[in-house]
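Reading through the structure tokens given below for one structure.
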Amino acid sequence: MRLAVKKCINYSLFMGVASAILLFLFSPFISTYWLHSKVSNIPLRIIAISLPFLSISSSINGYFSAIRNVKKTALAQVLEQIIRIYFVTFFINYFLPSGIEYACISLVLGGTISEICSFLLLFLSYKRNIRKRNCVMNRGNNYTKQILRITLPIAFTSYVRSGLSTLKQILIPIRLEKSGISCEKALSQYGMINGMAMPLIMFPCTFISSFSMLLIPEFSYLNAKKSYDKINFAINKILKFCFIFSFLIMGIFWCFSEELSSSIYSEANVSIFIKVLSPLIVLMYIDNVVDGILKGLDKQVAVMGINILDLFTSITFIYFLLPIQGIKGYIVVLFISEILNGLVSLLLLIKETKLKIDFVNWILKPCFAVFVLNLVFRSYSPNSILELIVQILIFCVCYFATIVLFRGLVKNDLKF
């Protein structure tokens, strides 16, 4: 175990340092030609400093996930976010009067400090944990082949995906401008969707994301033991609860989009994007879980391939559709992207595990409950944040009561 992790950490350190050097050297080029000199190369060089720490942390996180000790990684992530918030707030308050350039530097500097602190905590936790296990260095197997068999295909597809993702982010404002709006308005509309509506929609997915990461070692273990009956049993339980949870969140955002928008952002214009994008919640959340299961079943390369296909399709539609339809075209692209990614991933899981979708209990009954409750709750608008919270809680209780009433959830579903 110690030798395998040591190898991974060494490879991570090498790749992290190499990436940092490349980013540091090419930051003037990126700043000038990719970011149109809107921001100097200083933020990019600060980000470069964090890459080796981020890279090693990824390997150590993998170690703790593999031994089923996620408390260490969870603690490190919480600490990282607290430190990030503190330093970003401190730097922005101090530097913001100097201009947007210094605000950008404040953001990345706070992020870099938090990454380094998180790394230190993880590394010390790893050293302490590995000493307790009294691991013996087995020189008979250096694990290079096993590590490279997994990492090289994933790394290659990740680089392709990262490059396509960067191209996509750069292309969106440029093609929006082609629709006849100014650069400022294009960035404003794009920011309203990606910086305000999407983070709010994806916030409840934090629970799902954490859950899906935990699925990887569990399904890897079951797959190695060839316990296919247990795999199918677990997948059915997991997907049923995920569908029910996803429809609940979709219903909340659909029903309370205006109230949430005004309470959180004091911006009424965001509500329309929240409502329009809320149907995507089910696909996005389910895709998150399905990806975790597929990675646990050693299908990580296939998952990356699906993501690359999704990016190619998105970029094509962005290039041709946005100049014609503007921001409406971007919303259409989001729907095409999520539907393609979600359905292809689900079909791959069905192919690999012979999964049978219970359409009535997983989809139809939750959808019916959301539709009925939306009609009921839409007639009353809360006047304060407290009333909004109470109303959302009542909505949740009524939703689960409706599901249970129509036997979408039964007592056996709670047995694992």
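Source: prediction; values computed, not measured. Sequence positions, counted from 1, serve as the residue numbers for this chain.
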If I take atom [atom1] from residue [X] and atom [atom2] from residue [Y], how far apart are they, to the nearest 0.5 angstrom?
X    : Y    : atom1 : atom2 : result
Y63  : C8   : OH    : SG    : 12.5 Å
T166 : L311 : OG1   : CG    : 9.5 Å
L340 : L309 : CG    : CG    : 5.0 Å
F253 : L280 : CZ    : CG    : 13.0 Å
I315 : K168 : CD1   : NZ    : 7.5 Å
I49  : L44  : CD1   : CG    : 11.5 Å

So with a 6.0 Å cut-off around [atom1] of [X], is the heavy-atom count from everything else above 12?
X    : atom1 : answer
I357 : CD1   : yes
K299 : NZ    : no
F400 : CZ    : yes
F335 : CZ    : yes

Do the ring centers of F64 and Y126 come within less than 6.0 Å of each other?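 For F64 and Y126, the ring centres are not under 6.0 Å apart.
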
Pair [X]-[Y], side-chain donor/acceptor within less than 3.5 Å:
X    : Y    : result
N341 : S337 : no
S59  : S12  : yes
D310 : N307 : no

Below 4.5 Å, heavy atoms only, C-beta onward: do I331 and I193 meet side chain to side chain?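 Yes - at least one pair of side-chain heavy atoms lies under 4.5 Å apart.
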
Report the residues that fulfil salt bridge (Lys or Arg N to Asp or Glu O under 4.0 Å) with E259, sequence neighbours left out, ordered by chain and then residue number.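 Testing E259 for salt bridge (Lys or Arg N to Asp or Glu O under 4.0 Å), a comparison that skips the adjacent residues, returns none.
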
One pair to check against side chain to side chain contact (heavy atoms under 4.5 Å, CB included): Y285 and M202. What are the steps and the verdict? CA-CA 8 Å; Y285 287 19; M202 293 303 294; 4.2 Å; yes

Would you please name every residue forming a ring-ring contact (aromatic ring centres under 6.0 Å, His included) with F53, sequence neighbours left out?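 Expected list: F119.
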
Could you tell me whether K275 and E258 make a salt bridge, using a distance below 4.0 angstrom between a side-chain N and a carboxylate O? no

Report the residue from I113, I82, T112 that forms a side-chain contact (heavy atoms from CB on, under 4.5 Å) with F87. I113

